[in-house]
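Structure first, then comments.
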Number of protein chains: 2
Amino acid sequence: MQCNLAWVRHAGNVAWVRRAAASSQTRSVMSTPRPQIPEATIARLPSYLRALVDLDGNGVTTVSSTELAEAAGVQSALLRRDLSHFGSYGTRGVGYEVPVLMREIGEHVGTGTVWPVLVVGVGNMGRALAHHGASLDVSFQVVAMVDSNPAIVGTTVAGIQVRDQSDLEAVVAECRPRIAIITTPPEAAQQVCDRVVAAGVSSILNFAPVTLTIPEGATVRTVDLSQELQILAFHEARREPATDADTKELVR
Amino acid sequence: MQCNLAWVRHAGNVAWVRRAAASSQTRSVMSTPRPQIPEATIARLPSYLRALVDLDGNGVTTVSSTELAEAAGVQSALLRRDLSHFGSYGTRGVGYEVPVLMREIGEHVGTGTVWPVLVVGVGNMGRALAHHGASLDVSFQVVAMVDSNPAIVGTTVAGIQVRDQSDLEAVVAECRPRIAIITTPPEAAQQVCDRVVAAGVSSILNFAPVTLTIPEGATVRTVDLSQELQILAFHEARREPATDADTKELVR
DNA sequence: GCGTGTGAAGATCTTCACAGCA
DNA sequence: TGCTGTGAAGATCTTCACACGC
């Protein structure tokens, strides 16, 4: 019942810059005609925002594309191209006003909104994420947690009482999370994902080591420790392949 | 001193398929002339491997590109293109032999090797990763952990005694990790990264919310919860922007 | 002058479609 | 016949380089 969030209506003003963008969409279900932002650009916005927040915290009020790009670890031309998708926020010969750009990007990635988040699966990772989410970022608030283990259901983690996974639909209906984080074992992940999406959550952050299938219209991002390590190992093996072809055995 | 790994030399045989691949490398420091594998392909290998392991576990011995691609969530043509970078492992008219392909990809991403991993920063996330790494994946073994907090140094996490961060270089020299996972607060991450790289670790998995700068030749991959959530929020806001322009206030 | 915003070129990545082989 | 492996085409993403406007 208690979902840790009260809603206070505000005068929200997201200014969408219209722009020509026709993409070869096969299926057109009459969606809102907004500027088509490249996925690659979207993925970099958080880095830009972070760099801007840092600059702002240091009292910097103006920044050039070169400086900001360096802070975000990209080329300046790429930064300018990315920003251009949203409109013109810079001044030629000068640069960007930090607070202006910060607010602009912030609106796009949801700063100024507190996004209610559901955590499914309260293992080590789920717990860590709950604490992390509860402390570090004001834009995202864990409002509910569920687990299938009776020993965990009912306990309080990061100030939230863990509910039973069989009540998943009820919890979603009550707390109306916009984002779900899945940290279940891999076997359960797809089923949980299906249920969560069916219940109306269309954004999923998946920490389970499986490839999730979702219906058209929903978004999944998967973060997979093993896969990240394997990608690093691939590069590492190419740097020093000889020693790595060895096999090592554990002591304990 | 004790680093939880003993080394047993084996007859390692990584079969590198030579292939013509000239890329516009500006700097050529006489590196080994190996086939240039696209980064996008590398990032998908772990998914393919996982799907293959699943199939193998289910007793499946042969798989077509269509089936394997579906399991990995990609188009079949893309899978075939990806695999073609490493050579021909399929049989026309039949498909791929699961064990053969599994072993092949496995060798590239380091299966068959136990990669020693160092964890820097033993907070909630570091602990969760240590347990995760210690349990789920046999290819990666946390061999050492360090932290700067005196209250944490000396404690045992996932069977490993946490060492002092000031001994970082000594720990690296003793345990020779090939990969370092950074889970420090953001302020400390860059400095830790520099020290770890200077000590000879060239692969970094960064969980700290900062853009790390590393020297040429090293690899960093950053996993950032807040950024992932912001990317989801971006998409979510475009699905239902009206309600999201509101601001919510926390109850507790 | 200086730095943004952007056409045009280039690089990379994905898909198409089919030749080639079991 | 059926499925792989791959040229060629297409889509997407990045960089170049410079016109434009403060």
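Throughout, a chain's letter reflects where its sequence line sits, starting with A, and its residues are numbered from 1.
- The distance between atom CD1 of B:Ile37 and atom P of C:dT12, rounded to the nearest whole Å, is 14 Å.
- Atom CG of B:Leu78 is separated from atom P of C:dT12 by 17 Å (rounded to the nearest Å).
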Look for any protein N or O under 3.5 Å of an N or O in nucleotides 19-22 of chain C and output each such pair with its distance, or none.
residue: C:dG20; atom: N3; partner: B:Arg92; partner atom: NH1; Å: 3.2

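- A:Asn206 contributes a side-chain N or O that, together with a main-chain N or O of A:Ala208, makes up a donor-acceptor pair within less than 3.5 Å.
- In this entry the distance linking CG of B:Asp82 with P of C:dC13 reads 10 Å, nearest Å.
- Picking from C:dT6, D:dT14, D:dG5 the nucleotide with the shortest atom distance to the side chain of A:Ala40 gives D:dT14.
- Between the CD1 atom of A:Ile42 and the C1' atom of D:dT12 there is a distance of 13 Å, given to the nearest Å.
- Whole-Å rounding puts the A:Arg80 CZ to D:dC18 C1' distance at 11 Å.
- B:Tyr96 has a side-chain polar atom (N or O) that falls below the 4.0 Å cut-off from OP1 or OP2 of D:dG5.
- OP1 or OP2 of C:dT14 sits under 4.0 Å from a side-chain N or O of B:Arg44.
- Atom CD of B:Glu39 is separated from atom C1' of D:dC13 by 15 Å (rounded to the nearest Å).
- Here the side chains of B:Leu225 and A:Phe140 are not in contact, with every heavy-atom distance at 4.5 Å or above.
- Between C:dG3 and A:Ser64, no contact under 4.0 Å exists linking OP1 or OP2 to a side-chain N or O.
- For the pair B:Val120/B:Ile181, no side-chain contact is recorded, criterion being any heavy-atom separation below 4.5 Å from C-beta on.
- For the pair B:Gln190 (side chain) and B:Thr213 (backbone), a donor-acceptor distance under 3.5 Å is present.
- At whole-Å resolution of the value, CZ in B:Arg81 and P in D:dG10 are 15 Å apart.
- Residue A:Tyr89 has no polar side-chain atom (N or O) positioned under 4.0 Å from OP1 or OP2 of C:dG3.
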Per-pair distances, 0.1 Å, donor-acceptor, side chain in residues 43-53 of chain B, under 3.5 Å, sequence neighbours excluded:
residue: B:Arg44; atom: NE; partner: B:Tyr48; partner atom: OH; Å: 3.4
residue: B:Arg44; atom: NE; partner: B:Asp82; partner atom: OD2; Å: 2.7
residue: B:Arg44; atom: NH2; partner: B:Asp82; partner atom: OD1; Å: 3.0
residue: B:Arg44; atom: NH2; partner: B:Asp82; partner atom: OD2; Å: 3.3
residue: B:Tyr48; atom: OH; partner: B:Asp82; partner atom: OD2; Å: 2.5
residue: B:Arg50; atom: NE; partner: A:Pro209; partner atom: O; Å: 2.9
residue: B:Arg50; atom: NH2; partner: A:Asp224; partner atom: OD2; Å: 2.0

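- Taking atom CG of residue B:Leu68 and atom P of nucleotide D:dT4, one finds them 10 Å apart after rounding to whole Å.
- Listed here is the closest heavy atom pair of B:Gly90 and B:Tyr96: CA-CD2, 3.4 Å.
- We find the OG-NE2 distance between B:Ser202 and A:His235 to be 11.0 Å, quoted to the nearest 0.5 Å.
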